[in-house]
Amino acid sequence: MSKLRIAVQKSGRLNEDSMKLLKDIGISIDNGKDQLKASAKGFPVEVFYLRNGDIPQYLKDGVVDAAIIGENVLIEKGEGIGVVEKLGFSTCRVCIAVPKAMVYSSIKDLEGKRIATSYPNTVQMYLDRKGVNANLHIINGSVEIAPNIGLADAICDIVSSGSTLFKNNLKEVDTILKSEAVLAVSPKLDSDRLAILEKIQFRIQSVLKGRNSKYVLLNAPNDKVQDIINVLPGMKSPTVLPLAEEGWSSIHSVISKNEFWEVIDDLKAKGAQGILVCPIEKMVL
C-alpha cells in the first residue's frame with residue numbers, strides 16, 4: 001500500500017507546531033532521536049525530518065510528496081511547487097532593516113547600497129519590482145550583525161517579534177512579504193498518494209476551523225431570542241432549546257475568534273445572560 005511522505009522541519013518552532021497539527025488530525029508518530037523518518041500508526045503516512053531549506057528540492061524531485069513548510073522558504077526556493085492549504089501558524093515577516101541612525105524614507109534609499117540576506121531571490125525580485133539596484137551579500141546565519149561589522153548597509157531577514165533587530169541596533173523599514181506555515185505538494189504526486197493527501201487536508205481543515213472558532217451557550221428571555229439570533233452567525237443557524245424556567249431559552253452557536261468580543265458585547269446588549277464559551281477541538285462541516 002502506498003504511503004504519503006510528508007516532510008517537516010527537523011527542529012525548532014515550526015517542527016513543534018507541525019507535529020502538534022499531525023497529532024491533532026489523528027496521525028500518531030513515534031519518532032526516535034535523530035531519525036530521518038518515522039511511520040505513522042494506523043495511517044499510511046511517513047514523516048521525513050529535514051532541514052527547512054532542503055525541503056523545496058525534495059518536493060521538486062518527488063522524494064517527498066508533501067511538506068509543512070514556511071511560505072517564505074517556498075517563495076525563495078520553491079518555484080513550481082503548489083500550496084494546497086495555509087495553516088495559520090509559525091507566522092513571520094520578511095523585512096528590510098537598517099541601522100537606527102540611518103535616515104530612511106523609501107526603498108530607493110538603498111540604491112547602490114549593500115544588503116545582507118539569506119533570501120537573495122526574494123530580495124532581488126522585490127528590488128526589481130521597485131526599480132532599485134543594490135548589491136546583495138548572501139549570508140547563512142546571523143544576518144543581523146552584518147551592518148555592525150561593516151559588511152552591509154542594510155539587511156533583509158525573517159522577523160517575528162523584532163527583538164533581535166532591536167538588540168542589534170536595527171530598525172524595520174520595509175516588509176517584503178508576510179509568511180505562515182503552508183501545506184505544499186510535490187508536482188510529482190501520483191493519484192494513490194493524492195487520495196491520502198485529500199484525507200489529510202480534510203482533517204486539517206476541520207482542526208483549523210475548530211481553532212478559529214468558539215462554541216457559545218447562553219440564556220435569554222423568549223422575547224429577546226430573535227434579536228440574539230440575528231447577532232449570531234452560527235454554522236447554519238443557532239440551536240434554541242427551552243429552559244425549565246418558563247419564558248426562557250438556551251441558545252447555542254459558534255463564533256469566529258476574530259469577531260468574538262464584538263459579538264459578545266452585542267449579545268449582552270441584546271439581553272443574553274449566563275454566557276459560556278468553550279473551545280472547539282474540531283469542526284466537520
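Please read these numbers as outputs of a predicted model, since none were measured by experiment.
- Atoms CG and CD, from L197 and E85 in turn, are 9.5 Å apart once rounded to the nearest 0.5 Å.
- Grouping the Ile, Leu, Val, Met, Phe, Trp and Tyr side chains by contacts below 4.5 angstrom, directly or via other members, places V182 apart from I176.
- A heavy-atom distance below 4.5 Å is found between the side chains of L170 and P99.
- Both L194 and F43 belong to a single network of hydrophobic side chains, linked directly or stepwise wherever heavy atoms of I, L, V, M, F, W or Y lie under 4.5 Å apart.
- In this structure, the side chain of K209 does not engage the main chain of I280 through any donor-acceptor pair within 3.5 Å.
- For the atom pair CG of N133 and NZ of K108, the computed distance is 9.0 Å after rounding to the nearest 0.5 Å.
- For the residue pair V73 and G53, the shortest heavy atom distance occurs at CG1-CA, 4.3 Å.
- At least one donor-acceptor pair closer than 3.5 Å links the side chain of K171 to the backbone N or O of M102.
- Of the possible donor and acceptor atoms, none in the side chain of S253 sits under 3.5 Å from a partner among the backbone N and O of P238.
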Check the pair L189 / L4 against side-chain contact (heavy atoms from CB on, under 4.5 Å), numbers first and verdict last.
CA-CA 9 Å; L189 182 68; L4 186 78; 4.0 Å; yes
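- Put simply, the side chain of V8 reaches to within 4.5 Å of the side chain of Y49, judged on heavy atoms.
- Side-chain atoms of M283 and S206, non-hydrogen and from C-beta on, never get closer than 4.5 Å to each other.
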Does the salt bridge (charged side-chain N to carboxylate O under 4.0 Å, His left out) test come out yes or no for E144 and K167, once each step is laid out?
CA-CA 9 Å; E144 295 85 1; K167 291 175 184 176; over 6 Å; no
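- Looking at S105 and D109, their side chains do bring a donor and an acceptor atom within 3.5 Å of each other.
- Between C278 atom SG and K214 atom NZ the span is 9.0 Å, to the nearest 0.5 Å.
- When all heavy atoms of P221 and G271 are compared, the closest pair comes out as CD-O, 3.8 Å.
- Using a 4.5 Å cut-off between side-chain heavy atoms of Ile, Leu, Val, Met, Phe, Trp and Tyr, with links allowed through other members, I229 and W248 fall into different hydrophobic clusters.
- We find the CG-CD1 distance between L151 and I115 to be 12.5 Å, quoted to the nearest 0.5 Å.
- Shown here is K100, whose NZ atom has more than 12 heavy atoms of other residues, nucleotides or ligands within 6.0 Å.
- Nearest approach of I25 to R203, heavy atoms of both residues: O-NH1, 2.8 Å.
- With rounding to the nearest 0.5 angstrom, the NZ atom of K178 is 11.5 Å from the SG atom of C92.
- Side chain of D266 to backbone of E262: no donor-acceptor contact under 3.5 angstrom is found.
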Given the rule in the side-chain contact (heavy atoms from CB on, under 4.5 Å) test, do I155 and I139 qualify, once you have shown the distances and angles that lead to the verdict?
CA-CA 10 Å; I155 70 162; I139 297 178; over 6 Å; no
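- Between the side chain of S179 and the main chain of R93, no donor-acceptor pair closer than 3.5 Å is present.
- Closest non-hydrogen pair, K270 versus V231, comes out as CG-CG2, 4.0 Å.
- Side chains of E76 and N72: a donor-acceptor N/O pair is absent below 3.5 angstrom, by distance only.
- Scanning all heavy atoms of the two residues, the minimum distance from Q201 to V84 falls at NE2-O, 3.0 Å.
- Atom CZ of F166 sits in a sparse spot, with 12 or fewer heavy atoms from other residues, nucleotides or ligands closer than 6.0 Å.
- Summarising the geometry, atom CD1 belonging to I158 is positioned 10.0 Å from atom OG belonging to S90; distances are rounded to the nearest 0.5 Å.
- Among residues two or more places apart in sequence or in another chain, the salt bridge (Lys or Arg N to Asp or Glu O under 4.0 Å) test is passed with D65 by R5, R193.
- Counting heavy atoms of neighbouring residues, nucleotides and ligands inside a 6.0 Å radius, atom NZ of K113 does not exceed 12 of them.
- At least one donor-acceptor pair under 3.5 Å links the side chain of D190 to the backbone N or O of D192.
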Please walk me through it: do I68 and F89 pass side-chain contact (heavy atoms from CB on, under 4.5 Å)?
CA-CA 11 Å; I68 298 175; F89 56 78; 4.2 Å; yes
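- Side-chain contact between I264 and I255: present, with at least one pair of heavy atoms (C-beta onward) separated by less than 4.5 Å.
- The shortest side-chain heavy-atom distance between L59 and V185 does not fall under the 4.5 Å cut-off.
- Closest of all the heavy-atom pairs between E172 and L165 is CB-CD1, 4.0 Å.
- Other residues, nucleotides and ligands contribute only 12 or fewer heavy atoms inside 6.0 Å of the NZ atom of K10.
- Hydrophobic clustering of Ile, Leu, Val, Met, Phe, Trp and Tyr side chains at less than 4.5 Å, counting indirect connections, keeps L177 apart from I69.
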Run the side-chain contact (heavy atoms from CB on, under 4.5 Å) test on L87 and D17 for me, step by step, so that the C-alpha distance in whole Å, both residues' side-chain angles and the decisive distance to 0.1 Å come before the verdict.
CA-CA 10 Å; L87 303 177; D17 291 340; over 6 Å; no
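- Residues passing the salt bridge (Lys or Arg N to Asp or Glu O under 4.0 Å) test with D54 are R51, sequence neighbours excluded.
- Under the 4.5 Å side-chain criterion, counting only non-hydrogen atoms from C-beta, V64 is not in contact with S186.
- Looking at D153 and L110, their side chains never come closer than 4.5 Å, going by heavy atoms from C-beta outward.
- Considering only heavy atoms from C-beta on, M125 comes within 4.5 Å of R129 through its side chain.
- For OH of Y126, the number of neighbouring non-hydrogen atoms (other residues, nucleotides, ligands) closer than 6.0 Å is greater than 12.
- In this model, a donor atom of one side chain and an acceptor atom of the other lie less than 3.5 Å apart for D174 and Y104.
- Cluster annotation: L243 and I228 are assigned to distinct hydrophobic clusters (Ile/Leu/Val/Met/Phe/Trp/Tyr, side-chain heavy-atom contacts under 4.5 Å, transitive).
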